[in-house]
Amino acid sequence: MTIIDTPAGWPADEAGALAVQDELRARVVLDEPGPPVGTGLVTGVDVAYDDERDLVAAAAVVLDARTLDVVDEATAVGRVSFPYVPGLLAFRELPAVLAALDALTAGPGLVVCDGYGQAHPRRFGLASHLGVLTGLPVLGVAKNPFAFTYEQPGPRRGATSPLLAGTEEVGRALRTRDGVKPVFVSAGHRVTLEGACAHVLALTPRYRLPETTRHADALCRRALREAAARQGSGV
DNA sequence: GCGACAG
DNA sequence: ATCTTGTCGC
């Protein structure tokens, strides 16, 4: 476990955050197909919060993309540094995520994060922001459609429908399990929307959410519990 | 103008 | 995200 430090130049308020998004947005790369599906490494990242104790914990879990076995993992804990503001989620989550990724020995290869990339009011969600800061290929998987519209995809696993901002396709609703609510996939950086959906399907052989997300979620919650217990015992 | 809105 | 019991099912 490592300690989270605030990245240099990190904005302190909403106005600063909006300015950062406006500047970094131009650096997003969306014309690379992304790594081939089923080979190399895929890393899930997630963050958990304890606002009561002012604690935040992040986890990064690296999987072998072919077998979906865990090959490496790391966690980071620290203080909450930014409030949750719709459209500015990256500023709340990324310091913790970057610290966890830095602590990895292996990978990370392709990164899968909770939330959106291009499906964002200013086309610069968490996944795109993380990609620009690290240079890594990143995609986003969200559990909710945010403020975007979509038609219900077909009932079978693999069915998709466009996630729309007006008439622009900013992501896709992707059915990962027969008859189960879809997930909402968007490209982040250095991967196309098609490639992102193919990766998400490969990562969901059994559950609605990607194996990367499930592992990272479980690990950051555990790291948060342990940090809270340590704080409680005065260490 | 007001509320909704990824996590 | 998080607050929260039991319950149905593999």
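Throughout, protein chains are lettered first and strands after them, A, B, ... in sequence-line order, and every chain is numbered starting at 1. The basis for the numbers below is simple: all heavy atoms, side chains too, and nothing from hydrogens, waters or symmetry mates. Everything quoted here is computed from the prediction, not taken from an experiment.
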Which atom of A/Leu101 lies closest to which atom of A/Ala60, heavy atoms considered:
CD2-CB, 4.0 Å
Closest approach to the side chain of A/His120, judged atom by atom: which nucleotide of B/dG7, B/dC5, B/dA6 is it?
B/dA6
Using whole Å, what does the distance between atom C1' of nucleotide C/dA1 and atom CD of A/Glu52 come to?
14 Å
Test salt bridge (charged side-chain N to carboxylate O under 4.0 Å, His left out) on A/Arg225 and A/Asp50; report intermediate values, then the result.
CA-CA 9 Å; A/Arg225 281 202 318 271; A/Asp50 184 336; over 6 Å; no
Centroid distance under 5.5 Å and plane angle under 30°, A/Tyr84 vs C/dA1:
no
Backbone N/O of A/Ala127 and side chain of A/His120: donor-acceptor pair under 3.5 Å:
no
Rounded to the nearest Å, what distance is computed from the CG atom of residue A/Leu130 to the P atom of nucleotide B/dG7?
16 Å
NZ/NE/NH1/NH2 to OD/OE distance under 4.0 Å, A/Arg92 and A/Asp51:
yes
What stems, by residue range, does DNA chain B take part in, given at least 3 consecutive Watson-Crick or G-U pairs under 3.5 Å?
none
Write down the distance between OH (A/Tyr150) and P (B/dA6), rounded to a whole number of angstrom.
12 Å
Does a donor on one side chain and an acceptor on the other come within less than 3.5 Å for A/Gln152 and A/Ser161?
no
Output yes when A/Glu194 and A/Arg172 qualify as a salt bridge under the 4.0 Å nitrogen-oxygen rule, no when they do not.
yes
Taking only side-chain nitrogens and oxygens of A/Lys143, does any of them come within less than 4.0 Å of OP1 or OP2 of B/dG7?
yes
Under 4.0 Å between any heavy atoms, over every strand shown, what does A/Leu88 touch: base, sugar-phosphate, or nothing? Just pick one.
base
Could you list, one pair per line, each protein nitrogen or oxygen that sits under 3.5 Å from a nitrogen or oxygen of nucleotides 2-10 of chain C, together with the distance?
residue	atom	partner	partner atom	Å
C/dT2	OP1	A/Tyr49	N	3.4

Looking at B/dG7, I'd like to know if its phosphate oxygens (OP1 or OP2) sit under 4.0 Å from a side-chain N or O belonging to A/Asn144.
yes
Whole-Å gap separating P (B/dA6) and CG (A/Leu126):
13 Å
Integer-rounded Å distance: B/dA6 P and A/Asp46 CG
15 Å
In this structure, how many angstroms lie between the C1' atom of B/dG7 and the CZ atom of A/Phe146, rounded?
10 Å
Non-hydrogen side-chain atoms of A/Gln21 and A/Leu88 separated by less than 4.5 Å:
yes
Kindly indicate whether the side chain of A/Leu201, heavy atoms from C-beta on, has any atom under 4.5 Å from the side chain of A/Arg157.
yes
Between B/dG7 (C1') and A/Asp114 (CG): distance, integer Å:
7 Å
So A/Gly140, base contact, sugar-phosphate only, or nothing? Heavy-atom distance under 4.0 Å.
nothing
Can A/Arg221 and A/Asp46 be counted as an ion pair, charged N to O under 4.0 angstrom?
no
